Amino acid sequence: MQLAYYPGCSWETSGREYDLSARLAGGKLGLEFIEIKDWNCCGSSAGHSTSRLLATALAARNLALAEKMGLDLTAPCASCYQRLALARHDLLADGQLRKQVNRITGHTFHGNMRVRSILEVVASLGGEHIAARVVKPLRNLKVAAYYGCLLVRPRAVQVDDPENPQMMEKIMAVAGAEVLAWSHKTECCGTSLAMNNDQLALPLVAGILEAASLSGADCIVCACPLCHFNLDYRQKKVNRVLGTGYQLPVFYFTQLLGVALGLEPGRLGLFDHFVNTKPVLQLVS
Amino acid sequence: MRIGVFICWCGSNIGGVVDVPRVVEAVSALPGVACCSDYKYMCSEPGQEKIRRAIAEHRLDRVVVASCSPRLHENTFRQVLAASGLNPYLLEMANIREHCAWVHQQEPAKATAKAIDLVRRAVAKAGKLEPLHSAAIPVTRRALVVGGGVAGMQAALDIAEAGYQVVLVEKEPSIGGKMAMLDKTFPTLDCAACIITPRMAAVARHPAIKLLTHAEVTAINGYVGNFKITVRQKARSVDYDKCTGCGICQEKCPCTVNSEYDQGLGTRKAIYVSFPQAVPNKPVIDRAHCRRFTRGKCGVCQQVCPSGAVDYAQEDVLFEEEVGAVVLATGYDLFDWTRAYGEYGYGRYPNVITGLQFERMNNANGPTGGKIRRPSDGGVPENVVFIQCVGSRDEAKGKEYCSRVCCLYTAKQARQVLEKIPGAKVHVFYIDVRCAGKAYEEFYQDAVARGACYIRGRVSKIYPTGDKLMVRGADTLLGRPVEIEAGLVVLATAMVPGAGGAELARLAGVSTGKDGFFQEIHPKLRPVESSTAGIFLAGSCQGPRDIPDTVAHAGAAAVKVCALFARGEIITEPVVARINERLCTGCLACRLVCPYRAVEPKSIPARGGAPERTVAVVNSGLCQGCGACSATCRSGAIDLAGFSNEQLLAEISALCH
Ligand SMILES: Cc1cc2nc3c(=O)[nH]c(=O)nc-3n(C[C@H](O)[C@H](O)[C@H](O)COP(=O)(O)OP(=O)(O)OC[C@H]3O[C@@H](n4cnc5c(N)ncnc54)[C@H](O)[C@@H]3O)c2cc1C
């Protein structure tokens, strides 16, 4: 299956392992990602909190480029996915807005393409398709799947149930891991508040880590660079400020899936995290 | 032709917009109009007197009243005609209030012109009116009550006490409905069983009541005064003539099933009596679970039965009953929160229960013998959180409406926790506390005074932490999020129409509102009558209501039934469709469009010895005069009395002039 691939701004920085692993695991699964040429900012964060029109126009340009390729678009980053999908939704619902935005971008967007999160794309391949390609089942590994807020809200673009999503669970189970029922799958990770309001953000991160530990998880899997950043990078700070001692590795689901598909851990960026991943990865090998 | 026209000001409702003297002037000049006058309130006694006097003085033979909607006062003015010796159907009304003054308030000149047009139309039709005569149809003085909850029982007993026969059909093996599951009832805290079980016994004992449990209505045919009902007696697999209700079969039955009556918190056997005070107090076999039926093995109950009453070969029996009136009393069900509320765990946490489950647990007859316990481990919950409006007042997930009883039963249950568990903490999340009812506000205040802590806001999440639950919500008065640890969470789930209500509505030909509850014909003046004559509504099948209101509603339905029976005959409305057999081709298109199932085919001898041919006939008892058939008839064979083709054409041509 061919898809127009939208890497997003974190692809060479904080979310590098996500991009790497998504492309590699996708390749193993027969997904061909063709990067959109000359893609631009998806309009998230700074964009959408400043101006709805700006955010929609930024996203619309990418949508129009993908449409010209004649392909559906996929984005690994949950925030990119949500921005692009919401912009598509708004543009389809409001002809006036579409005209205005088309004028701004100089690219005509007709609405003949879909925006799909990479999680949804992989899940839609089906358990059998994935299982047939698993060479190294993630035996002995207990994972807590964490979705955050962007993939499951708002309703117009949600990829799964907002209270008890199951897509990552299904993928991880096919990959051979033991998936746990836990309580904080779609809680807020603090997102960008982590930059300017630690007092608020750290307890949010701590709550998620606590719930995952209580459930008996060896690690957390996620599908969003910002979630990953907050849970992985800030774990140390949580421990320091709140006096806790968490050592919970946080992976992108594509990384663990990649391991199961037989990809070499180093190529998946598995050793580039802040929390040491080695003890957990040993469980698998 | 001598037509009198009477124009009403309706205070300033019409007179404030329409130039009434101008209308009088214009109408007086119309051909056939013998007199035209106006008055402030034509429906008042002086207004009616004015019409009576004019009829005598001007020897009027047709009357036009231009006022409000005929739905409001057509009958009033028909009576005026009748009192003056005129056939009441020689009245025509022009609606210059709802159809004119009210909707054109900003344009008085145009409204006046429209009023003149509307009256001219009415005058044209009046010229073509014919006298119509009602007929009398005898009434079968026997009622069917569907549903044996407190509403159905009340209606059945009231009708039976008035001296009429009643057939009471209940789908469950026992009567009693939800009230039989409750522990104590607000606002008096009297024990539900002490009130309901004697009533159940009274129903079973009453010589005028034929009680059919484990049965359902499968067809309702006929019309007011003359219904033919088909009932299916579902196989009980037990011969009730032989069964003594000793209970040995239940005791020995090896197959255990979740009890509906205990709302899944307790169990029963596959051969079972729902609860010890059930009426009738004899068992049925649940064939979906019984091993004899699912695996073809077992037979223990038959072996142990001392009176040989167990009969595996018993079959459903269909039979007919003739009744003159039907009371629907099928009650409510509870909204299935486990499908909608993921934030409360979709039903995955055993210690999140519904209010009705709480009632069972709190009931001395219930699965815990009346002790409030955590279903997960049987422990005593020291912190109990109640959440109101789960599914009610929640357009996104549930229903828009308020379920009316939950505020009070939550207050009741909060009190019960505080009484039964010393030192317990109780928190109640609410949107508003609605306590309109006698002694209701006091009841709620009492719960607060005893220590129930009310928090205004909704709960956004319940999640487990260890063996406790964490309830996270907003306190909108403090403007702060709150988290409360709880051992037990009780959800006040919305009341929704009973399952099967839609099917019954279809059988009975009654309409339902947008939420699926049976629709009364007038929300204020006719609260127990359905859209079909002779079919009445009782209790919570018409909308959420508590026991006092249910009983009052059921009593009102019973009175309507008794009034119908006391008259002994019904005077039919003559505004019905009439078929001209000479023109009818027997295509029966009219039958397809009739919403009241009033049209049927009939064979008549054809002229000149040709074979018989089919024509349509209208059952005037069922016909409601909607006119759908008449508009559909290709050969113009159907006229609706009072709205004949000729009359309608006269109206149209008057309007087009
Ligand atoms: C948790 C809880 C606590 C409550 N506490 C109180 C309280 O303290 N005080 C108070 O005043 N009210 C209370 N109520 C409200 C009370 O339950 C209702 O007011 C009352 O039960 C309504 O009676 P009903 O006969 O209309 O309906 P139901 O009790 O629902 O009875 C309907 C009957 O019809 C039968 N039926 C349904 N469909 C068919 C069919 N197609 N054919 C044949 N039979 C059928 C059913 O099996 C049932 O027996 C409470 C409600 C709940 C949920």
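Since the model is a prediction, treat every value here as computed from it, not as a measurement. Reminder, nothing fancy here: chain letters follow the sequence lines and each chain counts from 1.
Partners of A:Lys142 under the side-chain hydrogen bond (donor to acceptor under 3.5 Å, both in side chains) rule, at least two apart in sequence or in another chain, do not exist in this structure. Residues passing the side-chain hydrogen bond (donor to acceptor under 3.5 Å, both in side chains) test with B:Arg404, sequence neighbours excluded: B:Asp549.
Using modelled atom types and a 3.5 Å distance limit, the side chains of A:Arg116 and A:Ser124 yield a donor-acceptor pair. Judged by distance alone, the side chains of B:Asn362 and B:Lys420 do bring a donor and an acceptor atom under 3.5 Å apart.
In this structure, chain B has heavy atoms under 4.5 Å from both the backbone and the side chain of A:Asn164. Only the side chain of A:Glu187 comes within contact range of chain B, with heavy atoms under 4.5 Å apart.
In this structure, A:Asn197 CG and A:Leu202 CG are separated by 9.0 Å, a value rounded to the nearest 0.5 Å.
Contacts between residues 333-348 of chain B and chain A, defined by a heavy-atom separation under 4.5 Å, are made by B:Gly342, B:Glu343, B:Tyr346, B:Arg348.
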N/O donor to acceptor pairs below 3.5 angstrom from side-chain atoms of residues 478-489 of chain B, sequence neighbours left out:
{"from": "B:Glu483", "atom 1": "OE1", "to": "B:Tyr463", "atom 2": "OH", "distance (Å)": "3.4"}
{"from": "B:Glu483", "atom 1": "OE2", "to": "B:Tyr463", "atom 2": "OH", "distance (Å)": "3.4"}
{"from": "B:Glu483", "atom 1": "OE2", "to": "B:Arg472", "atom 2": "NE", "distance (Å)": "2.9"}

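Ring-plane geometry between A:Tyr18 and A:Tyr252 is classed as parallel, the angle between the planes falling under 30 degrees on a 0 to 90 degree scale with a further cut at 60.
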